[in-house]
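Here's the structure we're looking at; comments come further down.
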Amino acid sequence: MTEDPRMVMTWNGDEIVNLSREFLASNGASKHQVVHVEAQQAYETPAAWREGSLADRLRAVVTDLNVASNKGLSERFDSTIGAGTVLMPFGGRRQLTPNEAMVAKFPVFGETTTASAMAWGFNPYIMSANQFTGAYLSVVESLAKLVAAGFEHEKAYLSFQEYFEKLRDEPERWGKPTAAVLGALMAQIDLGAGAIGGKDSMSGTFEHLDVPPTLISFAVAVGNMKRATSPEFKGADHRVVRIAPRYLADGITPDKDALLEAFSIVEELVDFHDALAVSTPGYGATAEALFKMTLGNRIGVSLNDSIAADDLFTPAYGSFIIELADDAKLPAASNLVEIGEIGTTTAAYELRAAGETLDLDAIQEAWESGIESVFPYRSKGADKGATVETVTFETPKKTVYVGAPVAKPHVVIPVFPGNNCEYDSAAAFERAGADVSTLIVNNLTPAAVAESTQALVEEINKSQIVMIPGGFSGGDEPDGSAKFITAFFRAPAVTEAVRDLLKNRDGLMLGICNGFQALIKLGLVPYGDIVPMTEECPTLTFNTIGRHQSRLVRTRVASNLSPWLAKTSVGDIHTVAISHGEGRFVASEPVLDLLKTNGQIATQYVDESGVPGMDLDVNPNGSLLAIEGITSPDGRVFGKMGHSERSGNGLYVNVPGNKYQPLFEAGVEYFAA
């Protein structure tokens, strides 16, 4: 910053830019464009939503491409990296209710309760008919979703993504983004939320094809993670209420004062923990919102007789559906906002409304089948519902550390190109009381590889634990994962350092995900040593679904052989994050039998009842015997696919289960003996 009102830029000592502040403030040369905003049209819901029985109308909604399940697409993206995810993309014990906002803790070292939230809003059909109203409602929907997720509208900021047809020099084409930007600006003024940036793409035309007028609103806010609220129904026999603002003459745009009051009422219910579940209707109106609330925990809903079928399929932007706690009291409201009980949740998995009782299993099947041919995520054929043997191995003879006690064990985490879990892994060990070093492996030149090799040998020699973290080393290409890690550890000096750690110093090794792939391709599991690979060796290969999987799974402790599992008991079930494309454990029958006999099958993928299975809902990769993790013969080396390091306070609150698996604490305490 200088007193001279000019922007000066230099490059290699040469002045390349010298502009006056006055010129910059002018935004350059002035431009002029003739714009014609054509008469805006009214929006009508699809005809299939307005005609027929309630069952027919609801089926039409849930099979619409804008409503149908996209879980098979979502699972391709890593939703738990960083160990900060507060709300999973899909909630409930069945992980089926789509969440309406992203909520994640701030990525900081140490502990925090501060989270960021982001939600979006956009209806392409409303925008096509009426760009002003469509953009206005984009803002309304994004803010309403943010409020439904437990965050405060007064702390929200907006960012817009705009996408319109090629404008040429045609006033009518220019009129569409003009109307949209004015609608978004009006919403900002009315609701007190400013846009702090955005991205525009004004060339959505190919020959004679144009994109629909598009202005997507993203609402972001910061708040306490304890406010996070998810939309899946939590229990039966709870009151369900609807909070709705007064609407303008068009029937779909909320009155601004009414909407702000509705926001405040919902925020008050969240403040007092009176709102167990909150959803706000969007594209598919109240019908979509209610249906999706039932999915996650298989809880139905019975609506009052006063609720007409048409009410469920009419746009209801800015309204809220709330499952109330038993002792909750509704806040007072002015005549601008309608608050009323519309029904109750039920143990029966059905929707009762408008004189009909709908089997939600059938509606759910229609919803899940919508784009499943493109993005599959469920088992078909023999694996559907298939179970496997529950492995149990308990030994009174524990593997114990025989060296001098170590108050603060040293852990080395080598980081290979493509790894992405070293921060989470280091944080987990540090919370457990270890001293941690992360060593970046440099492979840019042969000399750099040699230097990294020597550095790793030195680190292993002064460490008690070697941990290989998860990620996608070398991009998992070509044809398989962890190849560079394996080659690096097979360097003679590294191999001997590992053998000294395990054989002479009673050290430990842990490999998670990519690290497990490396351990098994080295032979460290199941053989306990770096050995040549043969056709008889077990391996990890591509998931049976043929793609990456990211979600939470349940795993059961099958053996207490390993020191890493010393703080768990056989039969314990943990809910653990997974994120991998090559996690299917494959081995011959003799090898599987030997692993069972020796107690080397440490953990298995299981269902809600703790039963191992082959169904994709249980076993994300198709591992034989539903194996999630195995150990070396003495248990000191442990490899597993589930990301146990991705745990922490306040994570994954919309999915029930025990998310804390004390592997790192057990590994550290092993050296205190």
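When a residue number appears, it is its place in the shown sequence, counting from 1.
Using the six-membered ring where Trp is involved, Tyr423 and Phe109 have ring planes that are tilted, between 30° and 60° apart. Between Phe484 and Phe416, the ring planes lie perpendicular to each other; the angle is over 60°, past the 30° to 60° tilted range. Taking the six-membered ring where tryptophan is involved, the planes of Tyr125 and Tyr283 are tilted, since the angle between them lies from 30° to 60°.
Judged purely by atom type and a 3.5 angstrom limit, Trp367 uses its side chain to pair as donor or acceptor with the backbone of Val67.
Residues Gln40 and Thr133 have side chains not in contact (no heavy-atom distance under 4.5 Å, counting atoms from C-beta outward). Using a 4.5 Å heavy-atom threshold, the side chains of Leu96 and Phe90 count as separate. For the pair Glu232 and Leu295, the minimum side-chain heavy-atom distance is 4.5 Å or more. Side chains of Lys329 and Asp274 form no contact here, defined as non-hydrogen atoms less than 4.5 Å apart. Side-chain contact check for Ile126 versus Leu137: some heavy-atom pair is nearer than 4.5 Å.
The two atoms that bring Ile265 and Ala333 nearest to each other are CD1-CB, 3.7 Å, heavy atoms only. Shown here for Ala289 and Ser279, the closest heavy-atom pair between the two residues is CB-OG, 3.6 Å. Phe375 and Arg76 make their closest contact through CD2-NE, 3.7 Å (heavy atoms, listed as atom of the first residue, atom of the second, distance).
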Go through Asp78 and Arg646 one step at a time and tell me if the salt bridge (charged side-chain N to carboxylate O under 4.0 Å, His left out) criterion holds. CA-CA 12 Å; Asp78 193 338; Arg646 299 185 188 181; 2.9 Å; yes
Between Thr280 and Glu100, is the side chain to side chain donor-acceptor pair (under 3.5 Å) condition met? List the steps. CA-CA 8 Å; Thr280 183; Glu100 295 185 324; 5.8 Å; no
Show your working on salt bridge (charged side-chain N to carboxylate O under 4.0 Å, His left out) between Arg547 and Glu75 and close with a plain yes or no. CA-CA 9 Å; Arg547 63 163 171 83; Glu75 287 178 349; 3.0 Å; yes
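A salt bridge does not link Arg431 to Glu645: none of the charged nitrogens lies less than 4.0 Å from a carboxylate oxygen. The existence of a salt bridge linking Lys234 and Glu323 is excluded, since no basic side-chain nitrogen approaches an acidic carboxylate oxygen closer than 4.0 Å.
At most 12 non-hydrogen atoms from other residues, nucleotides or ligands lie less than 6.0 angstrom from CG of Asp169.
Exactly one residue among Ile440, Val441, Leu444, Asn443 makes a side chain to side chain contact (heavy atoms under 4.5 Å, CB included) with Ser452. That residue is Val441.
Scanning for side chain to side chain contact (heavy atoms under 4.5 Å, CB included) contacts around Ala101 gives Ala119, Ala149, with sequence neighbours left out.
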